[in-house]
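Atoms considered below: every heavy atom in the structure, side chains included; atoms not considered: hydrogens, waters and symmetry mates. We name chains A, B, ... by the order of the sequence lines, and we start the count at 1 in each one.
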Amino acid sequence: MEEPFQIEIEKVRSVTHETNSQLQMKMLINSFKGTFIGYSFKNPFLFSGIQTILAPFHSDSTSNHHLPSSVFDKITKLDDALQLFDQMTQRKPLPSAVKFTQLLQAVTKMQHYSCAIDLFKQMEAIRAPANVYTTTIVIKCCCQMSCTREGFAIVAYGFRRGIVPNVITFSTLLNGLILEDRILEAERLFKKLIKMKLCEPNVVMYSTMIKGLCKVGINDTAIALLRLMDERGCKPNVITHNTIIDSLCKDEMVDDALKLFNEMVLHKGILPTVVTYNSLIRGLCSSGRWDDASKMLTGMEDERISLDVITYNILVDALCKEGMAEDAKAVMNIMVETGMDPNLVTYNSLIDGFCLRGDMRKAKEIFDLMKIRGHVPDVVTYSSLLNGYCKKSEIDEALHMFQEVTEKGVTPDVITYNTILQGLFRVGRCKDARELFNEMQAHNHILPTAFTYRIVLEGLCNNHQLDEALSLFRLMGENKLELDIVVYNIMIDGASKCGKFDVAKAVFSELSSRGLHPNVRTCNVMIRCFFREGLVREAKELFQKMAGIDCVPNQVTYNVLLQGLLKNGQHGMIKMLLEEMEGQGFSVDASSLSMLIDDISTGSLDDSLLKLSGKLVPKEGKEAPCMESI
DNA sequence: CTAGGGTTAG
């Protein structure tokens, strides 16, 4: 893929810095005709009913005397804000644009975006004063609601009142496009603003554009823009660096992140913040570099930067993911001792950590603790617990939790349903699962995802309800639902498990007519099918064909082959196979190993294979994927 | 006097 943006950066380098405000205004208007087609003056979505308002807005300061800034700071409830707004609109003369702006800002801070937009509309209706600060807040509200389009409409509308957008307004819009993943349009806007000198980008605007580039994973271009802004005399600050450092960490390029970190601190003398450290610590932990993460914590101490809730949550989560939920709990206790309140995220991570370990008693303990400490569990909390109970087949506990979800007024989402469906099928309660599957759609209006269908199909097959599975499978096809290779793999495997080899073969041969290509899993499944039927020759043939059809055999393939050969009494080939696995660096999974040992102890296999088998047992901690994960 | 950008979870 070519990178047009990089080439454009070169062009941008040659643009001069001066701006001419009169020219700027003209070009701005021209630019709106060209750039923002669809945000036209005639048809702005939000303001379709509003007539031209060009009356000058005189603000009389006497009207502001009863509205000191502190009044707006004190607003904590939406109702208070609305009440104050009503009072303000009834004053004669009306309070200044500043006062209205302060009110809108208070409403926005409470995240009542649509309400702020509504208040602005009311302001327009009574011709209340507004300026670029006011419109910028309202534009931000539009952007936060993923309606950047309407944000542009407000810019266009503002023109009619002589409100000229500035670099802050444009940064807000740029951020809106990025929030909506419209990176190409964001790039276009950014370049246009520079080329047409509509505004001189400042550090916030550059940082916003850099965030956008990072978001789509083009970190090199983001770094190029970092260098460019520096060249153009706009000094990147700690936020600019944090944005890139965080992105590099998330893309598993922690060393590059550390390089940039050093450059920032040592070269540019920019002090890191707790956010910088949080990104790096998270990156280091998730790549298993605990020592380096610990060094970062020491670094924080040296810099006298104290850990915040997010730092602790990162540590708690990382420990949980490593299976060290007990240590994670210790970290939470340290939080409490140092006077920091663990939040919902802390408890959720910890509960999930214990659930992953299958320690439901501890998970429940934390669950109770969070409730005692006044935290309200959310859908994430319940999903972890449900998942934990389901994995242990403690379905009654799971159902009890599920009941609590609805009782507590928490809306179960599709993941919640997927989890409980999987649990019900696991214990063979197909009827309940089917009822729930219907209920989620009819009652809660939650559409099943591809994942849901996979769970249901697999569940039905595992419970020997192949006909039910097949009819759902056909129904999916008729309804143009995505029938991907994964679904086919499930059906082939399921049919074979139900003893219907002919059905499995038929579904397999359907693949090509659907334009689907078998993948490694398909081959693994088919090899297993052949072995189940005692078709050793066919199994071996498919194995040999795999690499040629772009399906390179993996560890699972070898384990399937191993078990298939053992079950079919083909002991002669085992030694060679094990040696090949050793050469490829593959491990034997638990069930393969136990079969090997059984056959060695009964004398079907030679003693010498015991040593070789032992070498193929995975090291402590990481288990080889077992057969179920085909 | 009033507006914009960066970090955590199934």
Ranking B/dG10, B/dT2, B/dA9 by distance to the side chain of A/Asp352, first place goes to B/dG10
Would you kindly give the CD1-to-C1' distance between A/Ile168 and B/dA3, to the nearest whole Å? 6 Å
For the residue pair A/Asn387 / A/Lys391, report whether a side-chain donor-acceptor contact shorter than 3.5 Å exists. yes
May I ask you to say what A/Thr419 touches in the nucleic acid, namely base, sugar-phosphate or nothing, with a heavy-atom cut-off under 4.0 Å? nothing
On a plain distance test, is the side chain of A/Asn131 in donor-acceptor contact with the base of B/dA3 below 3.5 Å? no
Which nucleotide in the set B/dT7, B/dA3, B/dG5 lies at the smallest distance from any side-chain heavy atom of A/Lys250? B/dT7
With a cut-off of less than 4.0 Å, is there a side-chain N or O of A/Lys321 near OP1 or OP2 of B/dA9? no
Nearest listed nucleotide, side chain of A/Val380, among B/dG5, B/dA9, B/dT8: B/dA9
Taken to the nearest whole Å, CD1/A/Ile137 to P/B/dA3 is 6 Å
Indicate yes or no: at least one non-hydrogen side-chain atom of A/Arg161 is less than 4.5 angstrom from one of A/Glu124. yes
A/Val379 near the nucleic acid: base, sugar-phosphate alone, or nothing, with a heavy-atom cut-off under 4.0 Å? base
Side-chain donor-acceptor distances from residues 252-271 of chain A under 3.5 Å, at least two apart:
unit_1	atom_1	unit_2	atom_2	d
A/Asp255	OD1	A/Arg289	NH1	3.2
A/Asp255	OD1	A/Arg289	NH2	3.1
A/Asn262	ND2	A/Leu258	O	3.4
A/Glu263	OE1	A/Arg227	NH2	3.3
A/Glu263	OE2	A/Arg227	NH1	2.8
A/Glu263	OE2	A/Lys268	NZ	3.3
A/Lys268	NZ	A/His241	NE2	2.9

Base B/dG5 paired with A/Thr208 side chain (donor-acceptor, <3.5 Å): no
Take the protein atom CD1 of A/Ile244 and the nucleotide atom P of B/dT7, then report the distance between them rounded to whole Å. 13 Å
Across the strands shown, which category fits A/Asn387 at heavy-atom distances under 4.0 angstrom: base, sugar-phosphate, nothing? nothing
Of the listed nucleotides (B/dG10, B/dG4, B/dT8), which one gets closest to any side-chain atom of A/Asp413? B/dG10
Per atom distances to the A/Ser279 side chain, the nearest of B/dT7, B/dA3, B/dA9 is B/dT7
Only one of A/Val164, A/Ile163, A/Thr169 passes side chain to side chain contact (heavy atoms under 4.5 Å, CB included) with A/Asn166; say which it is. A/Thr169
When you compare the side chain of A/Asn175 with that of A/Cys143, does any pair of heavy atoms fall below 4.5 Å? no
Nearest whole Å is fine: how far is B/dG5 P from A/Asp246 CG? 16 Å
Between NZ of A/Lys99 and P of B/dA3 the distance, given in whole Å, is 12 Å
Closest listed nucleotide, where the reference is the side chain of A/Thr416 and the choices are B/dG10, B/dG4, B/dG5: B/dG10
Whole-Å gap separating P (B/dG5) and CG (A/Asn237): 13 Å
What nucleotide among B/dC1, B/dG4, B/dG5 has an atom nearest to a side-chain atom of A/Met205? B/dG4
Which nucleotide sits closest to the side chain of A/Asn313: B/dT8, B/dG4, B/dA9? B/dT8
Applying a 4.0 Å non-hydrogen cut-off, can you work out what A/Lys109 is touching in the nucleic acid: base, sugar-phosphate, or nothing? nothing
From CZ of A/Phe120 over to C1' of B/dT2, roughly how many Å is that when rounded to an integer? 14 Å
Taking N and O atoms by type only, does the side chain of A/Thr172 place a donor or acceptor under 3.5 Å from a partner on the base of B/dG4? no
So, does A/Gln105 get its side chain near the phosphate of B/dA3, meaning an N or O under 4.0 Å from OP1 or OP2? yes
Below 30° counts as parallel, above 60° as perpendicular, anything between as tilted: where do the rings of A/His375 and A/Tyr347 land? tilted
Nearest to the side chain of A/Ser383, heavy atoms from C-beta on, is which of B/dA3, B/dT7, B/dG10? B/dG10
In A/Phe367, A/Phe402, A/Tyr417, the residue satisfying ring-ring contact (aromatic ring centres under 6.0 Å, His included) with A/Tyr382 is A/Phe367
Looking only at side-chain atoms of A/Val203, point me to the closest of B/dG10, B/dG4, B/dG5. B/dG5
Nearest whole Å is fine: how far is B/dC1 P from A/Tyr133 OH? 9 Å
What does A/Thr273 touch in the nucleic acid at a heavy-atom separation under 4.0 angstrom: a base, only the sugar-phosphate, or nothing? base
